[in-house]
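Notes follow the structure.
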Amino acid sequence: MKVSKRIRAIVDMVSAGHAVCDVGCDHAYTSIALVESGKYPFAVASDVRPGPLAAAEKNIGEAGLAGRIVTCLSDGVPALIHEMLPEGEKTLVISGMGGLLICRILEEAGDNAALFQEMVLSPQSDLDLVRRKLGEMGFALVDEEMLIDEGKFYTIMRAACRAEYRVISDVESGTVSPDMQDVAGKGSSVLRKKTSNEAGITAIGDLKPEKGGSSTFDLELPGITESGDSKSEKGAIGNVDYKEEAEALYGPLLLKKRHPVLREYLTKQKKIMEGILTSLRKAGLEGDGRFKEAERKLEVLHEAERYYENP
């Protein structure tokens, strides 16, 4: 099976050895590529539409992977996903849909989503909302990648559950005794914040600003919050308020990497926004709300460009 650059990048982002739940699998190309790579033992491919799911089952059968990929008709994360996946490390993969829909899926899944050790997400829009949602759920961004596939820009992000936000079973929490586990069900769980001596994963925002424009980032609850110096001032890292918004919108790790594809995207977006401002200015609409919003967005983009200065 020929695998697109986008799907290959998603496969490469998933930690080896993890079992995978592929939500919105469509024709199961991602699930098939994951399991065929030999690095992932098992996958559940789910979709809300019967038609694509039937095509997925056909593709899985033709690939000879019927015993290692199972399909599930589900609107979002399947309710019994952790019974369907084998014991061990698990990754939730969601791609090919808008950021608002991904946020809704994660919100409705609740603990079912929080039980995954890792998420690999590739939203087609509203990336800033998805990054904020991950922070709300106690997940820390650990890697981001950006690429161009067939003329379109794609961003892929990998997030790990921070140790201080850990889902534990009812037995472990003491709310259900061990002998009542069968009655409560093995999927019964509770989300609690770990104590400071238990926490192990570095939370977003723990990194400090580096010389030359690299910066820290923080997606703490309830959304983007400032990390580092709290003063809004121009300096080596620019305006702090715009900096936070730039990191949420364009990706803190992509900016820290000074990713070349992101720079190409910023250049393209800059031309678009400057064109909008020119058109509004010619129309005498400098006082219009649209003009002010376009100016603000351009300032945020300029803040992102500062990461590429003085490499």
Check Asp288 with Lys292, please: is the shortest side-chain N to carboxylate O separation under 4.0 Å? no
Using 0.5 Å steps for rounding, measure from the CD atom of Gln269 to the CG atom of Leu262. 10.5 Å
Would you check if the side chain of Ser15 reaches a backbone N or O of His18 as a donor-acceptor pair within less than 3.5 Å? no
Can you name the nearest heavy-atom pair linking Leu85 to Phe42, along with the distance? CD2-CD2, 4.0 Å
By the rule that ILVMFWY residues connect when side-chain heavy atoms come within less than 4.5 angstrom, directly or transitively, which residues belong alongside Leu80? none
Would a distance-only check, ignoring hydrogens and angles, find a side-chain to backbone donor-acceptor pair under 3.5 Å from Ser122 to Thr155? yes
Electrostatic pair Glu303:Arg306 at N-O distance under 4.0 angstrom: yes
When you compare the side chain of Val142 with that of Glu118, does any pair of heavy atoms fall below 4.5 Å? no
Answer with yes or no whether the hydrophobic clustering places Ile32 together with Val3; edges join I, L, V, M, F, W, Y residues whose side-chain heavy atoms lie under 4.5 Å apart. yes
Hey, are Glu62 and Lys58 close enough for a salt bridge, meaning a charged N less than 4.0 Å from a carboxylate O? yes
Show every side-chain hydrogen bond (donor to acceptor under 3.5 Å, both in side chains) that has at least one partner inside residues 64-74, sequence neighbours left out. Glu57-Thr71
Kindly state each residue pair satisfying salt bridge (charged side-chain N to carboxylate O under 4.0 Å, His left out) with at least one member in residues 8-18, sequence neighbours excluded. none
Tightest non-hydrogen contact, residues Phe139 and Cys161, listed as CD2-N, 3.4 Å
Under 3.5 Å, side chain of Arg258 to main-chain N/O of Tyr307, donor-acceptor pair present? yes
Give a yes or no on whether the backbone of Val77 and the side-chain of Asn112 come within a donor-acceptor separation of less than 3.5 Å. no
With rounding to the nearest 0.5 Å, note down the distance linking CG in Leu285 to OG in Ser279. 10.0 Å
Do Glu286 and Leu280 have side chains that approach each other closer than 4.5 Å (heavy atoms only, starting at C-beta)? no
Worked check of side-chain contact (heavy atoms from CB on, under 4.5 Å) between Met119 and Ile94: CA-CA 8 Å; Met119 294 190 195; Ile94 310 179; over 6 Å; no
Would you say Arg162's side chain and Ala140's backbone share a donor-acceptor pair under 3.5 angstrom? no
Under 3.5 Å, is there a donor-acceptor pair between the Glu144 and Tyr250 side chains? no
Within the side chain of Tyr308, is there an N or O that forms a donor-acceptor pair under 3.5 Å with the backbone of His259? yes
Check step by step if side-chain contact (heavy atoms from CB on, under 4.5 Å) holds for Ile105 and Met97. CA-CA 11 Å; Ile105 288 172; Met97 61 186 76; 3.5 Å; yes
Hydrophobic cluster partners of Leu73 (side-chain heavy atoms under 4.5 Å): Leu53
Between the side chain of Gln117 and the main-chain N/O of Lys90, is any donor-acceptor distance below 3.5 Å? yes
If hydrophobic clusters are built from ILVMFWY residues whose side chains come within less than 4.5 Å, do Tyr154 and Leu129 share one? no
I'd like to check Phe116 versus Ile81 (side-chain heavy atoms, cut-off strictly below 4.5 Å). Are they in contact? yes
Which atom of Lys270 lies closest to which atom of Leu301, heavy atoms considered: N-CD1, 3.6 Å
Test of understanding: clusters of I, L, V, M, F, W, Y form through side-chain heavy atoms closer than 4.5 Å, transitively. Do Val48 and Leu121 belong to the same one? no
Could you check if a side-chain atom of Val93 sits within less than 4.5 angstrom of a side-chain atom of Met13, using non-hydrogen atoms only? no
Following the transitive rule for hydrophobic clusters with a side-chain heavy-atom cut-off under 4.5 Å over Ile, Leu, Val, Met, Phe, Trp and Tyr, establish whether Leu127 and Leu100 coincide in one cluster. no
Those residues that, when tested against Lys39, pass side chain to side chain donor-acceptor pair (under 3.5 Å) (two or more places apart): none
For the pair Ser37 (side chain) and Leu34 (backbone), establish whether a donor and an acceptor sit closer than 3.5 Å, ignoring hydrogens and angles. yes
Taking 4.0 angstrom as the limit, do Arg132 and Glu136 come out as a salt bridge? no
Pairwise distance CZ(Arg290) to CG(Leu277) - rounded to 0.5 angstrom: 11.5 Å
To the nearest 0.5 angstrom, please state how far the CZ atom of Arg49 sits from the CG atom of Asp75. 11.5 Å
Identify the two heavy atoms, one from Lys133 and one from Leu106, that lie closest to each other, and give their separation to 0.1 Å. CG-CD1, 4.2 Å
I would like to know whether Arg296 and Glu245 meet salt bridge (Lys or Arg N to Asp or Glu O under 4.0 Å); could you show each step before the answer? CA-CA 11 Å; Arg296 187 190 64 79; Glu245 189 168 352; 2.4 Å; yes
For the pair Lys257 and Asp143, find out whether any cationic side-chain nitrogen is under 4.0 Å from an anionic carboxylate oxygen. yes
Run the salt bridge (Lys or Arg N to Asp or Glu O under 4.0 Å) check on Glu264 and Lys268 step by step: do they pass? CA-CA 6 Å; Glu264 184 176 343; Lys268 182 177 180 180; over 6 Å; no
Would you mind reporting whether Cys21 and Pro78 have side-chain heavy atoms less than 4.5 Å apart? yes
Atom CG of Leu253 and atom CE of Met157: how far apart are they, to the nearest 0.5 Å? 10.0 Å
Heavy atoms of Pro252 and Leu141 approach each other most closely as CG-CD1, 3.8 Å
Member of Ile69, Val70, Val44 meeting the side chain to side chain contact (heavy atoms under 4.5 Å, CB included) criterion with Ser31: Ile69
Set of ring pair (Phe, Tyr, Trp, His ring centres under 6.0 Å) partners for His27, sequence neighbours left out: Tyr29
Measure from the side-chain N and O atoms of Asp47 to the backbone N and O of Pro52, and report whether any donor-acceptor pair falls under 3.5 Å. no
Give the ring-plane orientation class for Phe153 versus Tyr265, where under 30° counts as parallel, over 60° as perpendicular and anything between as tilted. perpendicular
Kindly give the heavy-atom pair with the smallest separation between Asp149 and Lys5, and that separation in Å. OD2-N, 3.4 Å
Find the distance between CG (Leu101) and OG (Ser125) and round it off to the nearest 0.5 Å. 9.0 Å
Backbone of Leu115 reached by a side-chain donor or acceptor of His82 within 3.5 Å: no
Can you list the steps and then say if Glu107 with Arg104 is a salt bridge (Lys or Arg N to Asp or Glu O under 4.0 Å)? CA-CA 5 Å; Glu107 179 70 25; Arg104 178 182 70 79; over 6 Å; no
